[in-house]
Amino acid sequence: MDKHEFALDVSNLTVEYVTSDGIVHAVNDIDLKIPPQKSVGLVGETGAGKTSTALAIMNLIPSPPGVIRSGKIILNGYDVLHMKDSELNQVRGSEVAMIFQDPMTALNPVLNIGEQIEESILLHEDVTRDEAHEQACEMLEMVGIDRSRIYDYPHQLSGGMKQRVIIAIALCCNPHLLIADEPTTALDVTIQAQVLDLISNLRDEYRTAMLLITHDLGIVADMCDEVSVMYAGRIVEHGTVEEVFTNTKHPYTEGLFDSLPKINDRKSLLKPIIGLMPDPTELPEGCTFAPRCRYAMDKCFKRRPSLNAISDTHEVSCLAYEDPVFSIERNKHGR
Amino acid sequence: MKKGVFLFVFFVVLINLAFAGGVKETVATPTSVGYQNVLKVGINMEPITICTPTKGTNVMCHMMSFSTHNTLVTISNEDNATIKPCLAESWDILDGGKTIVFHLRKDVKFHNGETMTSEDVVYSFKERILKGGTSRALLSSVVDVVADDDYTIHFELSGADQDLFYTLSAAPSCIISKKAVETEGDEGECYGTGAFKIEEYVQGEFVRMVRFDDYFGEKPKTEEIDWIIYLEDSARELALETGEIDICYSPANSDLPFIEKNPDLKLISVKGLNVYYIGFNTKVAPFDDEYVRQAIASCVNKEDAITVAFDGLADAVDNVMAPAVPMYTHVDGYTYNPTAAKELLSKSGYPGGFKSTIWVDRADEEQMALVFKENLAQIGIDLTVVRLEATTLKASWNNADYQMCLQKFGNTGGPGTSFSYVFTSKAPANRSKVSDSNVDLQTAAAAVETDQVKRQAMYRDLNEYITKKAYWAPICVPQIFVGIKASVKGAVYKGNGSHILTYAYIEN
Amino acid sequence: MYRYFLKRLFWLIPVMLGVSIFIFIIMDFFPGDAADTVLGEAASQEQLEEYREAHGLNDPVMVRYVRYMANLLKGDMGISYVTGRDVFKTYMQRLPNTLLLAFSGMTLAILFSIPIGIITALKRGTVLDGTLMIISLLGLSMPLFWLGLLLIIGFSLNLGWFPTGGSGDLKHLVLPAVTLAVAKMAMLARTTRSSMLEVLNEDYIRTARAKGVSKRKATLKHALRNALIPIITVIGIELGSSLGGSVLCETVFSWPGVGRLIMDSISKRDIPMVTGSLILTTMLVAFLLLVVDIIYAFVDPRIKAQYQRKK
Ligand SMILES: Nc1ncnc2c1ncn2[C@@H]1O[C@H](COP(=O)(O)OP(=O)(O)OP(=O)(O)O)[C@@H](O)[C@H]1O
Ligand SMILES: [Mg+2]
């Protein structure tokens, strides 16, 4: 089945939104690879371009105003950006499925949840209505909702249940890649854990690769094999979870860790990253993180760093490492 | 979802079909030799009282009633003045004009099959016309109507009413069947003695009349007349052009060129009877001042007003009597002369002018009033034009704020009506609130003057007196138009708009 | 839910009371009465008084109102002052024409404007969108009278396809229905467009697309149904307003509907006719709005749930 090297292979992806206020550079020339059955985390603060990346992978960037300027997206062998609409519709939902950020608005309020799950099954599998219905019921049970609720409408469900339904829709056709865009952000903490458990169990069962988008590093640690850190539309650091967590290289990644509360040192102050992400319509000429970087040097404002390999699996985009002795604070003191 | 849309459309189509099926269709009957069976007349208003002709208040109903009902006497179509027999074949004038004996025809049948006798005539007058009928006010001289035998009746009058015959020839004085009204109520009046009987009246749509085979007079060539309502003037004219109707009643002035230019159509124009005039509330200042009224009468540019309101298709008048009324004699009146107007005003109590309002209810009146507003500004009169809804205006004549009005009056009766209807102190349409004993006495005297030469002289004097006093400022008499298919023959077009279409026909 | 609708029907009674009181008071406020209009110019003061006395026009409004309502409760809407004919029968004679025109006009409007609304929403910002929206703006601002005459000149006079006016078979219906539809279409197309635009941006459309639903199906199945609520509202309102008759359209095309009847009756101060017609029209409109509410419930389960809660 997995004759392809990667479940997802994105290269040089650039996404812009052409608005009356100017061109929003949402995603700037990023590469992203997910090996089959692996899980990759995509972290970054709000506005970094995570959702835009995900939508580009589905070729669902809203147009207008969105444009995919350049790039190549190979999804389990399919060249997503160069396919006919009808073929794309076959790929969406069956090869790749997506769980959206806000479960409250992601379900169609005028269709019952059964119809919404069945629709996906009917589109991609050669089954009768009754079979689709039965599969939908099973799917519902799989995500922990009683099958008797299949005729319920979204307004009759809680937020957590809605997200489960969305997961059911996403996984009912057994996709090779699941894109989960902050699947738990809108849910309260106790439910978050359940939903995450559900996703990882189902993923194990279906052997699905996953792109997990989040700004919660804790979730990445639990759920992912690799992680890409995104800042202002660029990947600034990529590596295995192990590498990025224990051998953090990029000052921005460091900032992300510092802004987390520390379990074993509750009294230490949180250190949020000072300043704001640059305006995506006017990205600075040099390193986009330079204005907020405590290590920034003159050259950082002038030259744009490229993503350089540190090890086979670990890459970072920072000019400071041109100086071989440079090291960020976090690594100096250890954890 | 799809099913839902389909069902909705299906449902709507079904309703439409259901209603469409329910609407009656006009079935064309096979043509008789020589003449078009059905004559279609496009009319411009609802003939509401068509089934109660004695209560007919508008010219439309009068016109239509002439085809379905008859009066005791009728006015000659040639000179619009000579009285001719109709249901009464002859009459005798006794007691110096105070008693009039009518000898009725014996061969008259009502549409319901009854034969007309003196009983019906007496009933028509005593129970209908003189009780709540439209002609009632003009028949005030009638003391009693008495049946002498089955085919003879006589009128007892309080004086020798010379206009009586005109009034008796008007549509609201038509004879109706006693039996029909007693059994069917008001609408039993629809059974007349005329050449056509009403077959169907669908309010808002049409009146269909079919030829009455037992009619006592000459049979019309047309079998059926459909009077179809087209409220919109232009739409009615277009219907004439497309051939949907044969006769277009009162086309709009702006549409007349289309009729003239079309070789299949013909434009009929008749001198009208409606006098447009400015009325004054002579009960209040400043209009109780003769000079003020005369100044205004000399300061309105009638030609301009006619151009603006009637595209020039009206005749300016300066007499209060309309030229087409019997016994009319022209007298000198006021014509447009601002210098003279200024002088007249300077003699009045208001040499510098004043502010005033003028009431109108129709668009053409408003257009004229706006012209006069400009004219009168020259002599310092600041006029405000107020357009009121028709019924509001009718109910407002006794209001304290009534000052001037621009209205029209159409005399459809005898010459006396030109005064008794609008100038005598008891006149029903006395918009100038004239209360002048000279007018009252002269009008009353002329009404009973049996010497017709003397009578005409009396009307000339009255006309002159009122014109000089400027109780009205007469403006104009618009022409009456009818658009017809060039092939229409036999119709009689009248200046009062009450055309006689009974014998109209089209040869095949 | 049925109890809720029954209750709504029950509410018609106070509505009718309100409408009739309102009409009586308003009509009383207008100068002039039936005596002025029915008897004509020639009527003398005594004749007017006689008529007023005979028809009870001199009584205070409230007395007349109570008398009217008492008769109404007995199922008698009275007779017209002007024609002497039964009010209910007169109205019912006109109503089919009005319903016919209203429904056909609306059907035409719906058939054209909803696709136009959807297309312009999908092609937002394109030349097609701009052109169609300008055309619909023209439709909205074009005087109905003028449009009607234009159609008569084009289709009756020049082409001879349809009669200029009157009622009868389906041919008579075409021009008035088209005229009415144009006026309603503009409004409906604009509502459809804006409603669709809003809905097309919703997350669940993206969800559907992510499932592999085609753009067409996402638009027609997922978006349209959600966009339908404001569209149905506008359809309901427009239809409701045409149930009272479209006076202009009826006048231009000599279409014998209730609009002209009511207008005529108002100017003639024919209070029984006006009151009766308006009460009947109000009931029809109220009934229509009820149907609209029921349709809402079928379109949107959230609304259905609300009704169920309201019982
Ligand atoms: N439809 C759109 N039109 C214009 N700009 C857009 C649109 N969608 C996103 N953007 C802009 O693109 C940039 C990236 O947005 P994106 O939604 O991809 O961020 P994100 O990383 O998913 O953020 P969050 O964590 O808040 O979801 C932002 O600056 C955003 O304002
Ligand atoms: Mg996002």
Side-chain angles (χ1 to χ4, degrees), chain A residues 18 51 54-55 57-65 85-113 115-125 151-156 162 165-166 169-170 172-173 175 178-179 181, chain C residues 1 119-130 193 195-233 294-310:
Chain A
V18 183
T51 302
L55 288 175
I57 295 168
M58 309 281 295
N59 199 355
L60 276 179
I61 293 283
S63 162
D85 274 352
S86 53
E87 294 166 349
L88 255 179
N89 288 336
Q90 281 308 312
V91 170
R92 294 184 190 126
S94 69
E95 291 296 330
V96 56
M98 187 158 171
I99 298 171
F100 288 100
Q101 217 163 341
D102 186 358
M104 298 307 165
T105 57
L107 289 174
N108 191 331
V110 304
L111 300 175
N112 68 40
I113 56 175
E115 287 175 86
Q116 300 193 47
I117 303 174
E118 284 161 32
E119 184 175 37
S120 189
I121 299 171
L122 284 168
L123 276 169
H124 300 295
E125 282 171 27
Y151 296 114
D152 277 11
Y153 286 93
H155 72 270
Q156 293 164 298
K162 280 183 202 154
V165 171
I166 292 165
I169 293 175
C172 66
C173 292
L178 174 67
I179 302 174
D181 187 359
Chain C
M1 185 160 136
I119 291 169
T120 49
L122 287 176
K123 308 268 169 191
R124 178 175 49 141
T126 62
V127 182
L128 182 71
D129 174 32
R193 178 177 183 269
S195 180
M196 279 301 281
L197 276 180
E198 203 167 293
V199 171
L200 283 172
N201 276 329
E202 292 286 349
D203 285 355
Y204 51 77
I205 300 302
R206 209 170 54 184
T207 310
R209 297 282 282 136
K211 280 198 281 194
V213 174
S214 67
K215 190 164 181 171
R216 193 185 134 91
K217 200 169 170 202
T219 309
L220 291 180
K221 179 175 172 185
H222 290 263
L224 183 57
R225 196 157 156 201
N226 277 287
L228 227 42
I229 295 286
I231 300 175
I232 290 172
T233 308
I294 293 173
I295 295 176
Y296 283 163
F298 278 104
V299 170
D300 193 333
R302 286 167 297 183
I303 296 180
K304 194 172 189 168
Q306 269 174 29
Y307 292 160
Q308 268 151 358
R309 244 172 283 134
K310 274 192 221 156

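Labels below follow one simple rule: chain letters A, B, ... track the order of the sequence lines, proteins then strands, and each chain is numbered from 1.
Interatomic distance, CG of Asn89(A) versus NE2 of His124(A), reported as 8.0 Å (0.5 Å rounding).
Using a 4.5 Å cut-off between heavy atoms, Ile169(A) contacts chain C through its side chain alone, with no backbone atom that close. Contacts of Lys217(C) with chain A are made by side-chain atoms alone, with heavy-atom separations under 4.5 Å and no backbone atom involved. Heavy atoms of Val299(C) lying under 4.5 Å from chain A belong exclusively to its backbone. Interface remark: Asn108(A) contributes backbone and side-chain atoms alike to the contact with chain C (heavy atom separation under 4.5 Å). Using a 4.5 Å cut-off between heavy atoms, Leu55(A) touches chain C through its side chain atoms alone. When heavy atoms are compared at a cutoff of 4.5 Å, Gln116(A) approaches chain C by way of both its backbone and its side chain. In this structure, no portion of Pro62(A) lies under 4.5 Å from any heavy atom of chain C.
When only modelled atom types and interatomic distance are considered, Glu119(A) and His222(C) share a side-chain donor-acceptor pair under 3.5 Å.
Side chain of Arg216(C) to main chain of Leu220(C): no donor-acceptor pair is present (N/O by atom type, distance under 3.5 Å, no hydrogens or angles).
Put simply, the side chain of Ile166(A) does not reach to within 4.5 Å of the side chain of Phe100(A), judged on heavy atoms.
Asp129(C) has a carboxylate O that lies under 4.0 Å from a charged side-chain N of Arg193(C), or vice versa, which qualifies the two as a salt bridge.
Counted within 6.0 Å of CD on Glu198(C), heavy atoms from surrounding residues, nucleotides or ligands total 12 or fewer; the atom is thus considered open.
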